[in-house]
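Remarks on the structure that follows.
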Amino acid sequence: MEQVTLNVMDNRPIARSVWQMTLMGPCSAVKEPGQFVDIKLEGFILRRPFAVCDWNTMGMTIIYKVVGKGTDKMTELLPGCQLDCLIGLGNGFDTAPSGEAPLLIGGGVGTPPIYALAKKLVSEGKKPQVILGFKNIQDVFYENEFRELGCEVTVTTSDGSYGIKGHVNDVFPEYYTYYYTCGSMSLMKTVHETAKTEGQLSLEERMGCGFGACMGCSVKTHSGYKRVCKDGPVLTSSEVIFD
Amino acid sequence: MGTKVTLCGIELDNPVIPASGTFGYGYEFAELYDINCLGSFSFKGTTKEPRFGNPTPRIAETPSGMINSVGLQNPGVEKVISEELPKLKKVFYKPVMANVSGFSVDEYVYTCSLLDKEEQVGWLEVNISCPNVHGGGMSFGTDPKAAGEVTRAVKSVCRKPVIIKLTPNVTDIVSIAKACEESGADGISLINTLLGMRIDLNSGRPVIAMNTGGLSGPAVFPVALRMVYEVSRAVKIPVVGMGGVFSAEDVIEMMMAGATAVEVGTANLIQPYASRDIISSLPAVMERYGITDLAEIVGIAH
């Protein structure tokens with residue numbers, strides 16, 4: 001973990017209530033896809049955690065959904081704003097067990113860390129197959145970004161307004177070597193039940209500190225309690241308890 | 001600049017002590033900075049048996065504060081002694097404050113008597129004020145008789161100073177503090193969190209899984225200050241003040257109200273370097289207010 005000041009370079013809506021923010025500043029503390037950044041906003045006590053969508057040593061991109069006062073405030077941040085950030089937080093995705101053709105499943109705003117993961121897998125010479133699940137055409141984002149990485153992409157919408165009508169588990173490919181997913185708990189449960197392989201899941205929880213001190217985000221797992229912020233957010237499918 | 005204070009016979013380099021539940025068992029923060037700059041710190045509330053704590057969500061934000069309902073998650077006293085303290089020894093050489101909770105007088109006695117024997121433990125901070133567990137914790141801290149009973153029982157098995165941590169969720173905190181003093185407490189620390197809640201407007205349901213939780217942060221500072229002031233005027237034993245302390249100025253204000261040492265809680269969760277930064281800014285702030293020795297300002301507001 002490192003505390004850094006990042007400058008807002010760009011901040012724009014990319015889907016319904018979904019915004020993309022590009023930040024510049026020292027980001028070499030980010031080590032793995034699936035890690036997150038915890039941002040301090042003026043006027044709010046707690047930091048806001050966001051998965052890193054893309055990064056290099058000079059900056060990062062995050063994608064956020066406007067769900068409350070804090071994220072609403074974020075949409076007002078203009079280029080040039082400086083943000084107090086804790087970066088390199090959490091235990092990210094491990095690409096070692098992926099095999100040559102891993103299946104990546106993003107649900108809604110769970111998609112951003114899947115993008116960072118896809119980029120890493122591609123750089124390792126693997127061929128990720130990507131499924132993105134949304135409710136409606138207005139919610140869809142990053143389909144082209146994944147294609148530009150060279151991934152095979154299937155988009156589903158639950159109302160059929162775009163891509164294939166249905167849910168992510170309706171369009172699982174015949175062959176895949178491992179899976180990675182981030183989305184709502186119900187989506188990840190469906191993925192887990194449909195999948196024929198082991199996998200890794202990125203969990204979400206309301207956090208206090210974001211770096212393992214307060215125990216505010218602990219969840220029970222098959223291997224004892226885990227702090228989503230420090231031991232997670234990425235856990236293996238054999239650890240997660242689905243209830 | 002004199003920043004040294006003496007708490008129950010043990011000298012601290014400065015009065016700043018990260019509060020229990022915001023600093024784990026120390027080493028999360030030892031990865032960030034040398035925690036030996038601290039006066040001491042109070043480790044995560046420890047119970048006889050391991051506890052997972054409450055279901056999530058355990059955290060909610062409030063205006064100028066936060067609510068937590070962790071529910072005393074900890075690995076139990078035996079693991080704390082066999083695993084956590086040896087790890088801590090590698091990164092912290094000063095006496096640590098052992099924070100203890102329980103669900104019966106016997107549990108408090110059991111846990112305290114084990115931790116009292118540990119060389120690294122300087123003080124026992126006995127939490128009779130946790131608002132987030134049923135059938136224990138706070139129920140001892142809301143009745144002078146029960147508070148006195150826990151104090152006496154713990155004192156009878158401990159050689160080290162016993163500091164009783166009080167809840168603000170009472171009508172008369174002074175009467176509880178006095179009962180602890182009369183029963184042999186070596187010090188009082190206050191305040192634990194104030195009971196509060198938030199409701200999610202989307203669901204119409206409480207944000208916190210257990211419905212309510214403990215409010216902390218700058219929002220509670222004036223309440224904490226008032227209680228430190230009242231209690232320190234009424235007892236002769238030292239008072240450790242806490243509640244929404246975020247700056248060196250807050251530390252000084254708490255000491256003027258009557259605190260011998262000051263705990264920093266929520267600030268550590270938002271600014272991981274908060275305790276270190278408060279300590280490093282103390283001399284400059286002391287100079288601004290013409291303070292040469294912190295020990296001399298304790299209770300000057302009385």
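So you know, we letter chains A, B, ... as the sequences are listed, proteins then strands, and number each from 1.
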So, are B:D200 and B:R198 salt-bridged, with charged N and O less than 4.0 Å apart? no
Residue pair A:H167 / A:L187, side-chain heavy-atom distance below 4.5 Å: no
Region of A:D84 in contact with chain B, defined by heavy-atom distances below 4.5 Å: side chain
Does any donor atom in the side chain of B:K87 or B:Y27 lie under 3.5 Å from an acceptor atom in the other side chain? yes
A:G183 backbone acceptor or donor facing A:E204 side chain under 3.5 Å: no
Based on non-hydrogen pairs under 4.5 Å, which of B:P55, B:G24, B:G21 is most in contact with chain A? B:G21
Taking every heavy-atom pair that is under 4.5 Å apart, which of B:P218, B:G65, B:P57, B:A60 has the most such pairs with chain A? B:G65
Strictly by modelled atom types, are B:N74 and B:T47 linked by a side-chain donor-acceptor pair under 3.5 Å? yes
Can you check whether anything in residues 265-276 of chain B gets within less than 4.5 Å of chain A, heavy-atom wise, and list it by number? B:N268, B:L269, B:I270, B:Q271, B:P272, B:Y273
Is it true that the side chains of A:T236 and A:E239 contain a donor and an acceptor less than 3.5 Å apart? yes
Residues from residues 49-79 of chain A approaching chain B under 4.5 Å (heavy atoms): none
Among A:E205, A:E2, A:M1, single out the residue with the greatest number of heavy-atom pairs under 4.5 Å to chain B. A:E205
Non-hydrogen atoms of chain A under 4.5 Å away: do they reach the side chain of B:Y25, the backbone, both or neither? neither
Are A:R16 and A:D139 close enough for a salt bridge, meaning some N to O gap below 4.0 Å? yes
Please name the residue in the list B:E125, B:E263, B:K165 that meets the side-chain hydrogen bond (donor to acceptor under 3.5 Å, both in side chains) test with B:S189. B:E125
Ignoring hydrogens and angles, tell me if any N or O in the side chain of A:R48 forms a donor-acceptor pair with the backbone of A:L46 under 3.5 Å. yes
Of the listed residues (B:P63, B:S64, B:G217), which shares the most heavy-atom pairs with chain A below a 4.5 Å separation? B:S64
Side-chain donor-acceptor pair present, A:D231, A:N91, cut-off under 3.5 Å: no
Atom group of A:K230 that falls short of 4.5 Å from chain B, counting heavy atoms: side chain
Check: A:Y142/A:Q20 side-chain N/O donor and acceptor closer than 3.5 Å: yes
Determine whether A:Q82 and A:T5 satisfy the following criterion, side-chain hydrogen bond (donor to acceptor under 3.5 Å, both in side chains), listing intermediate values before the conclusion. CA-CA 6 Å; A:Q82 297 199 318; A:T5 302; 5.7 Å; no
Let me know if B:L201 has heavy atoms under 4.5 Å from chain A in its side chain, its backbone, both or neither. neither
Relative to each other, are the rings of B:F41 and B:F23 parallel, tilted or perpendicular (30° and 60° limits)? tilted
Just by distance, no angles: are the side chains of B:N54 and B:S69 close enough, under 3.5 Å, to form a donor-acceptor pair? yes
Just give me the residue among A:A213, A:G224, A:C217 that pairs up with chain B most often, heavy atom to heavy atom, under 4.5 Å. A:A213
